[in-house]
There are 2 protein chains.
Amino acid sequence: MDIKSRLWIEKDGKPFIGYGRIKLLKEVDKTASISAAAKALKMSYKKAWNLLNDIETLATQPVLVKNIGGKNGGGTQVTDYGKSLIVQFETLNENCINFLENEYKKLEL
Amino acid sequence: MDIKSRLWIEKDGKPFIGYGRIKLLKEVDKTASISAAAKALKMSYKKAWNLLNDIETLATQPVLVKNIGGKNGGGTQVTDYGKSLIVQFETLNENCINFLENEYKKLEL
DNA sequence: ATTCGTTATGTTTGATAGGATATAACGCTT
DNA sequence: AAGCGTTATATCCTATCAAACATAACGAAT
């Protein structure tokens with residue numbers, strides 16, 4: 001028996017960032033490529049693109065810098081703002097898990 | 001922009017109780033009927049029955065007392081243990097929401 | 001000019017969860 | 001004995017979401 005949680009942040013009732021999207025954003029930051037990130041996470045390029053596009057359209061600041069064509073076909077960089085989203089969400093998530101783990105001990109199930 | 005969360009408790013990697021199941025359990029307690037609860041929550045009887053069945057098979061103590069036939073065709077009562085699951089989960093959930101609401105204020109998104 | 005790997009986007013196919021439907025057993029009420 | 005509304009369960013159908021496939025634009029390198 002263990003406790004699980006998922007948290008996310010919405011904007012206008014639509015999901016902005018959550019567990020999956022941050023994981024993807026992290027992988028893009030690591031690989032500097034949407035297609036490589038998608039492959040690493042075993043999701044289709046299209047799905048990855050859609051998720052990232054959703055983030056970008058809801059964000060008030062640029063999250064990604066994309067290049068089409070050129071050396072190695074192009075690539076994608078995560079902006080400082082995008083990186084701050086990653087860090088903030090991850091610490092929030094960890095804090096939540098710790099909180100719940102502690103609360104969970106008090107229960108009798 | 002607001003923060004959302006979903007939490008649930010697993011047993012053997014399978015979902016035991018969570019937001020939807022507790023909501024259903026509450027409605028069964030209120031109506032003393034699986035079919036009435038399903039109708040109130042606009043879900044099919046089958047889905048409701050399956051969810052409740054999942055809870056029961058994972059629980060170590062009885063959660064429901066069911067009667068087939070008889071006055072009004074039968075009905076279902078939630079045991080004291082079942083009620084304790086409801087109360088414990090709901091307070092846990094509320095505590096989590098409060099915690100997150102507070103943490104959320106600290107973020108810059 | 002051609003090739004290459006990327007971003008970008010539309011269309012078609014497929015899987016699967018849920019809804020709808022059907023049927024039976026049960027026991028109180030009439 | 002018949003009827004009613006419940007629990008219980010199997011089967012079929014469908015709506016939705018994701019995967020798969022296809023195609024184009026782009027720009028550096030060769």
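Note on naming: letters A, B, ... go to the chains in the order of the sequence lines (proteins, then strands), and numbering restarts at 1 for each one.
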Taking the minimum atom-to-atom distance to the side chain of Lys66(B), which one of dA19(D), dT7(C), dA8(D) wins?
dA8(D)
Within the supplied structure, the quantity of interest is the number of heavy atoms (other residues, nucleotides, ligands) at a distance under 6.0 Å from Lys66(B) NZ; does it exceed 12?
yes
Phosphate oxygens OP1/OP2 of dT7(C): is one of them under 4.0 Å from a side-chain N or O of Ser35(A)?
yes
To the nearest Å, how far apart are Asn50(A) CG and dC17(D) P?
13 Å
Within this structure, what is the CD1-to-P distance between Ile68(B) and dT23(C), rounded to whole angstrom?
19 Å
From C-beta outward on Lys71(A), which listed nucleotide comes closest to its side chain: dT7(C), dA25(C), dA28(D)?
dA28(D)
Ignoring hydrogens and angles, state whether a donor on the side chain of Ser33(A) or Ser35(A) is under 3.5 Å from an acceptor on the partner side chain.
yes
Of the candidates dA8(C), dA8(D), dA10(D), the side chain of Lys46(B) sits closest to dA10(D)
Side-chain N or O of Ser33(A) closer than 4.0 Å to phosphate OP1/OP2 of dG5(C)
no
Within this structure, what is the CG-to-P distance between Leu41(A) and dA19(D), rounded to whole angstrom?
12 Å
Between atom NZ in Lys39(A) and atom P in dA20(D), what is the gap in whole Å?
13 Å
Toward the 5' end of DNA chain C, which comes first, Gly69(B) or Gly73(A), by nearest nucleotide?
Gly73(A)
Just the rounded figure in Å: distance from C1' of dT9(C) to NZ of Lys47(A).
18 Å
Spacing of CG belonging to Leu52(A) relative to CH2 belonging to Trp49(A), to within rounding of 0.5 Å:
9.5 Å
Can you tell me which nucleotide in dG19(C), dT9(C), dT6(D) comes closest to the side chain of Trp49(A)?
dT9(C)
Report the distance from atom CD of Glu56(B) to atom P of dT7(D), rounded to the nearest whole Å.
12 Å
Whole-Å distance separating the CG atom of Asn72(A) from the P atom of dT6(C)
7 Å
Find the distance Asn53(A):CG to dT9(C):P and express it as a whole number of Å.
7 Å
With a 3.5 Å cut-off and just heavy-atom distances, do the side chain of Lys42(B) and the base of dG19(C) make a donor-acceptor pair?
no
So with a 6.0 Å cut-off around NZ of Lys23(B), is the heavy-atom count from everything else above 12?
no
As a test of reading the structure: which of dC28(C), dA19(D), dT9(D) is closest to the side chain of Ser44(A), going by heavy atoms?
dA19(D)
Counting distance only, does the side-chain N/O of Tyr45(B) pair as donor-acceptor with the main-chain N or O of Ala36(B) below 3.5 Å?
no
